[in-house]
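A short worksheet on the structure shown next.
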Amino acid sequence: MDALNHQSSRDTELLLQGGYAVQTPLQQFLEACHEEFAVNQSGNLADYIPELARVDPSGFGIAIATIDGHVYEVGDSRVPFTIQSVSKAFVFALALELLGEDRVEAAIGVEPSGEAFNSIRLTSDNKPFNPMVNAGAIACSGLIYRVEGKNAFERIRQSLCAFAGRDLDVDESVFESERATGNRNRAIAWLLHNYAVVENHVDDVLDAYFRQCAVLVTARDLAVMAGTLANRGINPITGKQVIKPHVVARVLSVMTSSGMYDYAGEWIYRVGIPAKSGVGGGIVAALPAQIGLGTYSPRLDSHGNSVRGLEVCKAISSRFDLHVLNRNADVRTCVMSDYDISSVSSRRSRQPHEQQILEDRHDDVRVLELVGALNFAAIDYITRRLAGTQSKASLLVLDFRRVPDLTMAGSRLLASTIKTLGGLGITVILSGVEATSNLISTVVSLTGDDRKPRHFLLLDDAIEWAEDQIIYRFGGFSVVKETSHLKEQALLADLTEAEIEAITSLATARHYKPGQQIVKAGEIANSVFFLQSGMVSIKLPSGVRLASLGPGKEFGEMAMIERTRSADVWADTDVQCLELPIDALTGHGALYPAVSLRILKNLSAVIARRLIQANAKIDVLSAY
Ligand code: GLN
C-alpha cells in the first residue's frame, strides 16, 4: 500500500531560481481543501452492505486529472475502495456503445426520478427512470448481458479499466456481502424481468451488477475516468479513445440530471458539474474540456453522497468558477492571423517573372490561420468575417493545424461556406489536416463532390499550390526558364565575365537524380553550390521545408561562414549544378581580394534580404 500511496506532488512543484520549490496554485488549493474538510466527521458509512461498514471512515483522498494528462493528488488518493454506483455512468456508456442508443433508450428512460438511488418505482410505462439509479443500472447490466452473456462482467470490467487506464480488481468480500444481502436490488431486478426490461438470467445479471459495484478504484482512478469523459472519450493518460464523443454527451447529460439522486437539482444548482456518486464514498465529476475530479471519503449524507466529497466539489467549483453553465468565450480569438502573400509567401523561391506576377497579384491569395476548438459560434464568426471584408482573393487558405476539434455544426457551416464561395469563383483550400482526418471527411462529405475542397497537410504546400494557380492563370509557366547562366547568381552579382569564368574553372559540374540527397545536415560544410537547372528543396532533418529553389539560386552558401551543414538538400527533379570548394574560393580570394570582397558583400545582401522577409513574416504572424 505504501507504494500505492506515494504522492506525485513533485510534478506540481514549480522550481524557482535558487532551488526554492513551491506548489502550483491548484495543488496548494487542493491541499488546503483537504486540511479544511478532513475535520468534518459528519455522515455515516453505508451499512446496508455489511462489508462496507468495515472500511476506515477517516479515509480522504482528492485527485484531479487535467485533459493534458497531469494528475493532481492529495491525501488518500491511492487508497482503494469499491466503485459502487459511480460505475453506473461508465456502464451506461458501454451499453450505448454495445447496443446503440435506440435499444438502450427503449429499455431505460432519461428523466430524473427525484427519488433515492434504490427506489423501486418505475415510470408510467414501466421503465427505470434513468440509468443512474439502481433500477436503470441493473437494466443496463441486463442489456450488456444480452450481448455478452456470461462474459458480461468481464466486458464491463475491461471497460472500467480502459477509463481508469489500469487494471482493476474486484473486492470479493464486498461482492459476496452485497449478493448475500441485496434483496432490494433482487426485487428491482425481478420487477424489471416482469416488464421484460431484464430478459432471462436475472440472477446472472444481478451478479454482474453486484460485481461491477465491487470493482476497486482509487480517487486517482476516478479522476482519470472523469478526465476521459471531460476529454470527449479519450483517456488523458493513455491517449486511447475509450468511447465515442456522442456517447460522452449522453452520459454527461444523465450525470447532470440524475447523477446525485434526489440531490441532483441542488447539485447542478450549487456545483454545476456533471457528477456521479457511490455509496463506497467516491464521487466523479467531469467538467468538459477542462478537468476530471475524483474524491474519496466514505462517510455519507442522507442522500448517499460523500459528505467531504460534496464539500470539495462545492469549494473547487465556486473558487474557480467552474459551473458548466457559466461559460464565456470570445470567438474572435479563433482567427490567429489573416494575411495575403505579400507578407507570407510559400518557401518555393520563384523565377523573377513568376515573382513579379505574385507581387502584382498578392491579394489574390488570402490565408486565415485558425486556432482552438471551432464550434458553431466560431465558424459563424469566420463566415461573417469572410463575407464582411473587401478581399479580392480568389484563393482562400484556411489553416487548421492549431484546431484540435471542429464540431458537427461547425462542419456544416464551413461546408456551406465552401459551396457558396465556390459559386462565386473562390477556391477554398484547407491546410494543416491529415487527408484521413475526421475533419476532412466530414467537411468533404457535406460539401459534395463538385466543390470538394483541396487539402494539404502543410500550410506551406497549400500556399505554394495557390501561388502556382496565380502564376498559371497569369501566364507565368509558359516562359519557365530551364537553365541559368552563372552571372544570374546573386552571389556572383557585379563580377565581370572574366572573373566569373575564373571562378567557374575552380568548380566541378555535378548531376543529381530526382530524390537524391545532395547535402546532409551535420556534415562538414566545405563547398557552395550554384543551381543551373532543376529544382532542389532545403529541408530540416525533421522534414520541414525551409525553401525550394530553382535555376539561378545558390545553396550551401552558409559554408562560407559556418563549418557544418545546418540542413539537408534534396534534388526534386534532375539537377545540374556547379560545386565550388570553399578552399579553392579562399585560395582565389588570396590572389584576387577584390573579387573575394565582392562575393562576401553579395552573401551579406542575400542574408539581409532573407532577414527582412523573415521579419515581415514574424510581424504579420504576431500582429494578432
Ligand atoms: N451496490 C450499491 C447498490 O446497488 C450501489 C448503490 C450506490 O452506490 N448508490 O445498492
Side-chain angles (χ1 to χ4, degrees), residues 43-55 59 80-92 108 112-121 128-142 144 153 156-157 160 168 170-192 198 202-203 205-217 219 221-222 225-226 254-255 258-264 267 275-285 294-307 309-310:
N44 299 302
L45 296 181
D47 57 7
Y48 73 100
I49 301 172
E51 200 61 23
L52 286 185
R54 294 166 42 123
V55 305
F81 56 94
T82 55
I83 187 169
Q84 299 299 339
S85 282
V86 175
S87 64
K88 290 170 179 168
F90 303 96
V91 176
F92 176 51
I108 309 164
S113 65
E115 296 196 18
F117 65 88
N118 55 4
S119 166
I120 218 152
R121 199 161 68 92
F129 276 87
N130 64 66
M132 301 293 106
V133 292
N134 288 9
I138 294 169
C140 255
S141 307
I144 294 168
F153 170 69
I156 290 171
R157 193 188 68 85
L160 295 173
L168 302 173
V170 173
D171 185 325
E172 289 295 333
S173 54
V174 173
F175 161 67
E176 293 292 353
S177 176
E178 184 165 20
R179 178 154 73 164
T181 57
N183 288 330
R184 195 180 170 102
N185 284 329
R186 200 158 277 122
I188 292 174
W190 283 104
L191 184 64
L192 293 173
V198 170
V202 178
D203 282 325
V205 169
L206 275 165
D207 271 3
Y209 170 74
F210 291 145
R211 267 191 194 281
Q212 113 194 10
C213 289
V215 165
L216 284 165
V217 289
D221 293 330
L222 293 187
M225 295 170 88
V254 290
M255 285 167 69
S258 315
M260 305 299 276
Y261 318 113
D262 43 341
Y263 188 72
W267 174 269
K276 184 75 204 83
S277 67
V279 292
I283 296 182
V284 287
T295 61
Y296 168 59
S297 174
R299 287 198 195 91
L300 310 178
D301 65 12
S302 57
H303 305 282
N305 296 325
S306 161
V307 174
L310 222 80

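Start at 1 and go down the list; that is how both ligands and their atoms are numbered. In this text, all values refer to a predicted model and were calculated from it rather than measured experimentally.
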- For Ser277 and Tyr263, test the side chains for any donor-to-acceptor distance below 3.5 angstrom and give the result as yes or no.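 Note: Ser277 and Tyr263 side chains miss the donor-acceptor criterion.
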- Item | Exercise: identify the closest heavy-atom pair between Val174 and Gln84 |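 Heavy-atom minimum between the residues: CG1-NE2, 3.7 Å.
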- Task: Could you tell me which residues satisfy salt bridge (Lys or Arg N to Asp or Glu O under 4.0 Å) with Arg299, sequence neighbours excluded, listed by chain and number?
- Result: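 If we apply the salt bridge (Lys or Arg N to Asp or Glu O under 4.0 Å) test to Arg299, skipping adjacent residues, there are no hits.
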In residues 113-121, what donor-acceptor pairs under 3.5 Å come from side-chain atoms, sequence neighbours left out?
{"unit_1": "Ser113", "atom_1": "OG", "unit_2": "Glu115", "atom_2": "N", "d": "3.1"}
{"unit_1": "Glu115", "atom_1": "OE1", "unit_2": "Ser119", "atom_2": "OG", "d": "2.5"}
{"unit_1": "Glu115", "atom_1": "OE2", "unit_2": "Arg121", "atom_2": "NE", "d": "2.3"}
{"unit_1": "Glu115", "atom_1": "OE2", "unit_2": "Arg121", "atom_2": "NH2", "d": "2.8"}
{"unit_1": "Ser119", "atom_1": "OG", "unit_2": "Arg121", "atom_2": "N", "d": "3.2"}

- Query: Using a 4.0 angstrom limit on heavy atoms, which residues are close to ligand 1?
  - Reply: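 Its neighbours under 4.0 Å (heavy atoms only) are Tyr48, Gln84, Ser85, Phe117, Asn134, Glu178, Asn185, Tyr209, Cys213, Tyr261, Gly278, Val279, given by chain and number.
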- Message: Restricting to ring pair (Phe, Tyr, Trp, His ring centres under 6.0 Å), what partner residues turn up for Phe92, sequence neighbours left out?
- Response: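 With sequence neighbours excluded, Phe92 shows a ring pair (Phe, Tyr, Trp, His ring centres under 6.0 Å) to no residue whatsoever.
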- Item | side-chain contact (heavy atoms from CB on, under 4.5 Å) partner of Leu45, the single match among Leu52, Val279, Val55 |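 It is Val55, the one option of Leu52, Val279, Val55 that forms the side-chain contact (heavy atoms from CB on, under 4.5 Å) with Leu45.
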